[in-house]
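One structure below.
Letters A, B, ... are given to chains in the order of the sequence lines, protein chains preceding strands, and every chain is numbered from 1.
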Number of protein chains: 2
Amino acid sequence: MQFSVGVEYALHCLVYLVNLPPDSPIGIKDLAAYQGVSDSYLSKFFTQLVKAGIVRSVPGVKGGYELAKKPEDISFWNVVTAIQGEASLFQCKEIRHNTLPFRENKFQCYSEKCLINSVMLEAESHLKNYLCTKTIAWLHENLDKHIPEIQQEQKRWFKEKLYNR
Amino acid sequence: MQFSVGVEYALHCLVYLVNLPPDSPIGIKDLAAYQGVSDSYLSKFFTQLVKAGIVRSVPGVKGGYELAKKPEDISFWNVVTAIQGEASLFQCKEIRHNTLPFRENKFQCYSEKCLINSVMLEAESHLKNYLCTKTIAWLHENLDKHIPEIQQEQKRWFKEKLYNR
DNA sequence: TAATTATAGATAAAAATCATCTATAATCAG
DNA sequence: CTGATTATAGATGATTTTTATCTATAATTA
């Protein structure tokens with residue numbers, strides 16, 4: 001069981017977007033070139049970020065993507081669900097229903113959800129609550145503290161790209 | 001990203017084991033027959049539960065599996081890691097290292113772990129801590145409350161199997 | 001209107017998951 | 001001691017998910 005790499009791509013890209021001036025969308029080509037992946041690949045994640053209301057897309061010449069919300073209003077959890085979907089980590093397969101007494105029709109299927117399922121959902125909500133507290137603004141700020149040279153270089157590159165459109 | 005069904009099989013089976021008298025291991029055949037899966041399939045999970053010290057295996061005639069700990073000392077988290085392994089949910093793929101300035105060797109790879117990774121690990125620890133508080137004893141007790149008829153039937157069946165060995 | 005850009009869908013390789021079957025090793029009952 | 005029973009290990013294959021790319025289409029603005 002693993003988080004999708006898509007989450008990693010999305011989080012990094014959102015930080016790039018924080019650094020851009022307002023009303024100046026950046027194209028997927030530049031984002032993909034910087035990340036070293038194909039545009040079609042990265043664009044898939046951005047389509048999902050658009051649907052989740054995290055970024056806004058501007059079609060046509062000099063179009064691209066820009067943040068649709070303030071960075072402090074975009075949580076890690078928002079990004080995770082945008083990319084992976086809303087489905088919970090633990091999907092009860094209801095294997096009880098394949099158990100002997102059920103196969104012999106001694107019991108009917110019961111709608112009542114499995115206890116195990118409820119425990120797992122509760123556990124997941126703890127993970128969720130924590131990820132809701134961490135935002136893109138926080139990430140941006142702390143990256144600047146931790147790896148200032150790389151952040152500077154990254155900002156420089158995107159601003160140049162923006163200028164040359 | 002999804003939990004393995006193996007966790008579901010394991011949790012259910014462990015509850016069966018709670019219901020058995022001490023020093024009377026039950027064979028994988030009976031467990032598998034009750035669950036409606038092949039013995040070889042279920043035995044895989046039990047091998048992992050043995051390695052995790054959750055159950056004990058008794059080889060030879062009239063052998064089988066029995067709990068290696070008290071049910072109140074087996075947490076959901078123990079079972080999850082026994083089945084899924086210890087690997088954390090979020091594996092940082094370090095996609096930063098494929099980013100333009102790194103490809104151009106402007107920066108060397110840095111050993112320092114990614115900030116995103118640390119956030120994800122912290123989030124996971126919240127999930128972990130909750131799952132550590134829920135035990136097989138708790139599950140057993142609450143299943144008896146929620147679905148007493150099914151629990152009765154299940155106990156009856158396993159005790160009969162034990163008797164006829 | 002033509003170039004640019006996002007969007008959608010088709011495709012495919014690789015990895016993980018699910019499930020079974022077979023072979024082997026250990027051990028206990030007779 | 002021997003043979004039946006049982007756990008353990010490994011091989012196998014089907015199915016699904018993940019990762020990644022390419023192509024085609026639709027929208028828009030310079």
Applying side chain to side chain donor-acceptor pair (under 3.5 Å), name anything that partners A:K70, two or more places apart in sequence or on another chain.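 Partners of A:K70 by the side chain to side chain donor-acceptor pair (under 3.5 Å) criterion come out as none, since no residue qualifies.
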Going by side chain to side chain donor-acceptor pair (under 3.5 Å), name the residues that satisfy it together with A:Q154, two or more places apart in sequence or in a different chain.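 Listed in chain order: nothing, the list is empty.
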Can you list every side-chain hydrogen bond (donor to acceptor under 3.5 Å, both in side chains) pair that touches residues 18-31 of chain A, not counting sequence neighbours?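 Every pair satisfying side-chain hydrogen bond (donor to acceptor under 3.5 Å, both in side chains) with a residue in residues 18-31 of chain A: A:N19-A:H140.
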Kindly state each residue pair satisfying side-chain hydrogen bond (donor to acceptor under 3.5 Å, both in side chains) with at least one member in residues 74-85 of chain A, sequence neighbours excluded.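 Non-adjacent pairs meeting side-chain hydrogen bond (donor to acceptor under 3.5 Å, both in side chains): A:S75-A:N78.
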Going by the rule salt bridge (charged side-chain N to carboxylate O under 4.0 Å, His left out), which residues pair with B:K155 if we only count those two or more places apart in sequence or in a different chain?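 Salt bridge (charged side-chain N to carboxylate O under 4.0 Å, His left out) list for B:K155, sorted by chain: B:D144.
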Closer than 3.5 angstrom, by distance alone: can the side chain of B:E124 be matched with the main-chain N or O of B:S88 as a donor-acceptor pair?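 Checking the backbone N and O of B:S88 against the side chain of B:E124, no donor-acceptor pair under 3.5 Å is found.
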Would you jot down, in residue-number order, the residues of residues 2-14 of chain A having a non-hydrogen atom under 4.0 Å from DNA chain D?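 Nucleic-acid contacts, sorted: A:S4, A:V5, A:Y9.
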Considering only heavy atoms, which members of residues 56-63 of chain B lie under 4.0 Å from some atom of DNA chain D?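 Nucleic-acid contacts, sorted: B:S57, B:V58, B:G60, B:V61, B:K62, B:G63.
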Specify the residues of residues 76-90 of chain B, ordered by number, for which at least one heavy atom lies under 4.0 angstrom from an atom of DNA chain C.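 None - not one residue of the stretch has a heavy atom sitting under 4.0 Å from the strand.
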Euclidean distance, atom [atom1] of residue [X] to atom [atom2] of [N] [Å, nearest integer]:
X	N	atom1	atom2	result
A:L31	C:dA6	CG	C1'	12 Å
A:Y41	C:dT7	OH	P	18 Å
A:I95	C:dC18	CD1	P	11 Å
A:Q48	C:dT7	CD	P	12 Å
A:D39	C:dT4	CG	C1'	12 Å

Pairs where residues 23-55 of chain B contributes a residue and the test ring-ring contact (aromatic ring centres under 6.0 Å, His included) is met, not counting sequence neighbours: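 Listed once each, the pairs are B:Y9-B:Y41, B:Y16-B:Y34, B:Y34-B:W157, B:Y34-B:F158, B:Y41-B:F45, B:F46-B:Y65.
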Can you pull the ring-ring contact (aromatic ring centres under 6.0 Å, His included) pairs that have at least one residue in residues 118-139 of chain A, sequence neighbours excluded?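 Qualifying pairs: A:H126-B:Y130, A:Y130-B:H126.
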OP1 or OP2 of C:dT7 versus the side-chain N and O atoms of A:Y65: is any pair under 4.0 Å?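 Checking C:dT7 against A:Y65, a side-chain N or O does come within under 4.0 Å of OP1 or OP2.
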Residue pair A:I116 / A:V119, side-chain heavy-atom distance below 4.5 Å: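 The answer is no, as the side chains (C-beta and beyond) never meet within the 4.5 Å cut-off.
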Flag the pair B:V55 / B:S57 as yes when at least one side-chain heavy-atom distance between them is below 4.5 Å, and no otherwise.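 No - every pair of side-chain heavy atoms lies 4.5 Å or more apart.
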Can you name the residues that form a side chain to side chain contact (heavy atoms under 4.5 Å, CB included) with A:K145, not counting sequence neighbours?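 If we apply the side chain to side chain contact (heavy atoms under 4.5 Å, CB included) test to A:K145, skipping adjacent residues, the hits are A:E141, A:N142.
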Show each protein N/O and nucleotides 9-14 of chain D N/O combination with a separation under 3.5 Å, one pair to a line.
{"from": "D:dA11", "atom 1": "N6", "to": "B:K44", "atom 2": "NZ", "distance (Å)": "3.2"}

